[in-house]
There are 2 protein chains.
Amino acid sequence: MSKQITIYDIAEALQLSPATVSRGLKDHPAIRKDTRKRIVDKAREMGYQQNHFASNLRKSKSNTIGVIVPRLNSYFMASVISGMEKVANAAGYNLIISQSIESKEKEFTNVKTLYDSRVDGLLVSLAYDTEDISHFDLFLAKGIPLIFFDRVFEHPQCTSIVIDNFKAGYEVTQHLIDQGCKRIAHVTGNIMRNVYSDRLRGYKQALANAGLPFDEALVYYCNLSEQAGAEAASHLLALPHPPDGVFCTNDTTAVNCMRVLKQAGIRIPEQIAVAGFNNDPLSKVIEPNLTTLNYPGQEMGELAAATLIRKLDRNEGSSINTLVLRHDLIVRESSLRKK
Amino acid sequence: MSKQITIYDIAEALQLSPATVSRGLKDHPAIRKDTRKRIVDKAREMGYQQNHFASNLRKSKSNTIGVIVPRLNSYFMASVISGMEKVANAAGYNLIISQSIESKEKEFTNVKTLYDSRVDGLLVSLAYDTEDISHFDLFLAKGIPLIFFDRVFEHPQCTSIVIDNFKAGYEVTQHLIDQGCKRIAHVTGNIMRNVYSDRLRGYKQALANAGLPFDEALVYYCNLSEQAGAEAASHLLALPHPPDGVFCTNDTTAVNCMRVLKQAGIRIPEQIAVAGFNNDPLSKVIEPNLTTLNYPGQEMGELAAATLIRKLDRNEGSSINTLVLRHDLIVRESSLRKK
DNA sequence: CTGTTAGCGCCTTCAG
DNA sequence: CTGAAGGCGCTAACAG
């Protein structure tokens, strides 16, 4: 249990004042080059490590970033977190990650917890059923930066990091149309969330542009779980006039949808073409391989963290409100109909 | 920027001393029921929130747990973290997560960073190429609890949380043997890691018990990536005497192995049966569905966190050295040969 | 059962 | 360019 070295120990060893040592360890301009060097060298020699608590207490800053995500256990979210961790770590920040489990109540508790642990900023992807963001008010009121990613909320004080979900939804749908589909179903989540409403808009727009009718009966709202995918398939097959194409807003759902379709003896893509969303590893494994949309999770995580850290370090309220990442459509056999 | 309420404010409002308030906010026994209530009520009323930095500074404790994992972006690891987060959060601890990216150098840096942020304990799954755990010495020397999970290292001071990898490897292999396989290949990772060496031992033991010869040429060592799975398949097919069964130590590899085998026109499981490991969602999607071993990731995360927290809160060096979680074999079509 | 006191280690005015 | 001094908010002796 070796004793902790403090700046006082260094000061004593060097016959300096603690204040000077403190400055020497930083970038303080009013310190001579050589004394700074002596201080830094001695600090290393003695195995000094800063006590962040003392420093945080003094500065009221934690060097910690709070993260709230709906769920951690998906490939997409794991990639996002991985990206955030990488950037944050490199910049000397720590991440505190919490899961809302898709519930606004839990999200609310998480916000409070993170507030209490004095995070310097917040990176949030909203829960399934969050209606407003008043629970973030205590952050906004204090001017603590709040950045949304993926499932975002428009707010003048907040930056949003997204992909162009409207365009993405349009592209996927257009692709199915190009393959000759005339009745395209859409399996999606809670349209209170931008990601789903925007994709739905894109879907509708593509239909409209192609002169295809929009049929509300072909839109299936669910929680996008494995089971929901299977149920969606059963539901669509039971329709008086079943679809000849399905656009699911995530790959898990798409893949489970395909499974049930195949079990029902439907040929994919000849009878029903399928497209998913996210480019989950699943999409490369299902047969036929799933056409999907590449959602750059790692990049989104990196960008979100970098944006927040820039705000924190420069202490500036950047004027950027929305950052849109590039996506791309990945065409695979599940949607390639021989015309 | 509303002012922060401190225990002094509460003390003043209640005409008490800060010390009493501090005690009242805790479970301190020497406080009258009613004054405790007055304190708690007033604190809530004034919107008091504890300043953890001050408290940590005073107590030299951070209420933070450091986590080091090889990679975050797998379903398995995301489940583990999810479990840890749940337990830690409930117990008032925060997690600082860092990735070694399978490199011992990065792992070393992570250890230092976490040490500097004064985590109360460490949960670690070792990187691919870590040879010894001397870089954890500064933790061990200070008696900071260190718990390994999944990829563990035997050490008297550390608890390990694992599944019985020997038994698991044995069971998977035995299952393939039961299906009539005579030449079973094994695709695995760095056998410096217990998870791989134990499974290999189980594999060998099962072969031995069945009177089947062990053939080193049938063991393929790789990094268990998607690409490695594909390469393993090509390699095995090119052998003068190819296998009739393959046991891969993760599902990603197994699935990509199957893909290549299928492309080569091999019928699975008739010509070559395949089994994986982890019960990744992938395994239910590949066709035929992959026989695999259910690795309880979430439970492992929960158990690891709970074990650490128990140590921290009771401040006891429990005598338990290894905790073994239950696993089960999940049999699916990829291995079911009609005899 | 409650109050007094003395720091935890650091940073930041204010003075030299 | 460097030093002295005070305090961030909390807790744990030590006294009553």
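Everything numeric in this text was worked out from a predicted model, so none of it was measured. Each chain gets a letter, A, B and so on, in the order the sequences are listed, and its residues count up from 1.
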Taking for each residue the nucleotide of DNA chain C bearing the nearest heavy atom, is the 5' side occupied by B/Ser60 or by B/Ile31? B/Ile31

Selected nucleotide, minimal atom distance to B/Ala30 side chain, candidates D/dG9, C/dC1, D/dT2: C/dC1

Within the distance-only criterion (no hydrogens, no angle test), does the side chain of B/Asn190 pair as donor or acceptor with the backbone N or O of B/Arg193 below 3.5 angstrom? no

Using OP1 and OP2 only, check whether a side-chain N or O of A/Thr35 sits under 4.0 Å from D/dT2. yes

How long is the line joining CD of B/Gln15 and C1' of C/dT4, in whole Å? 16 Å

Rounded to whole angstroms, how far apart are CD1 on B/Ile5 and C1' on D/dC10? 16 Å

Regarding B/Thr20 and B/Ser17, do their side chains bring together a donor and an acceptor under 3.5 Å, going by distance alone? yes

Indicate, with yes or no, if the rings of A/Phe139 and A/Tyr115 have centres closer together than 6.0 Å. yes

Value in whole Å for how far the P atom of D/dG9 lies from CG of A/Asn56: 13 Å

Taking atom P of C/dG9 as reference, at what distance in whole Å does atom CZ of A/Phe53 sit? 12 Å

Ring-plane angle category for B/Phe136 and B/Phe148, please: parallel below 30°, perpendicular beyond 60°, tilted otherwise. perpendicular

As a test of reading the structure: which of C/dC10, D/dC1, C/dT12 is closest to the side chain of A/Arg32, going by heavy atoms? D/dC1

Using heavy atoms to find the nearest nucleotide of DNA chain D for B/Gln49 and B/Arg23 separately, return the residue whose nucleotide is more 5′. B/Gln49

Report the residue (B/Ile7 or A/Tyr8) whose heavy-atom-nearest nucleotide on DNA chain D is the more 5′ of the two. A/Tyr8

Between B/His52 (NE2) and D/dC10 (P), how many Å, whole number? 10 Å

Just compare C/dT4, C/dT13, C/dC10 and give me whichever is closest to any side-chain atom of B/Ala19. C/dT4

Length of the line joining B/Leu14:CG and C/dG3:P, which is rounded to integer Å: 10 Å

When rounded to whole Å, the NZ to P distance for the pair B/Lys37 and C/dC1 reads 18 Å

Have a look at B/Ser22 and say if it touches a base, only the backbone sugar-phosphate, or nothing, with a 4.0 Å heavy-atom cut-off. base

Within the 4.0 Å heavy-atom criterion, would you say A/Leu57 contacts the bases, only the backbone, or no part of the nucleic acid? base

Looking only at the side chains, is there a donor atom on one of A/Thr130 and A/Glu107 sitting less than 3.5 Å from an acceptor on the other? yes

Nucleotide D/dC10, atom P - distance to CD of B/Gln4 in whole Å: 9 Å

Using the side-chain heavy atoms of A/Ser17, tell me which of these nucleotides is nearest: C/dT2, C/dG9, D/dA4. D/dA4

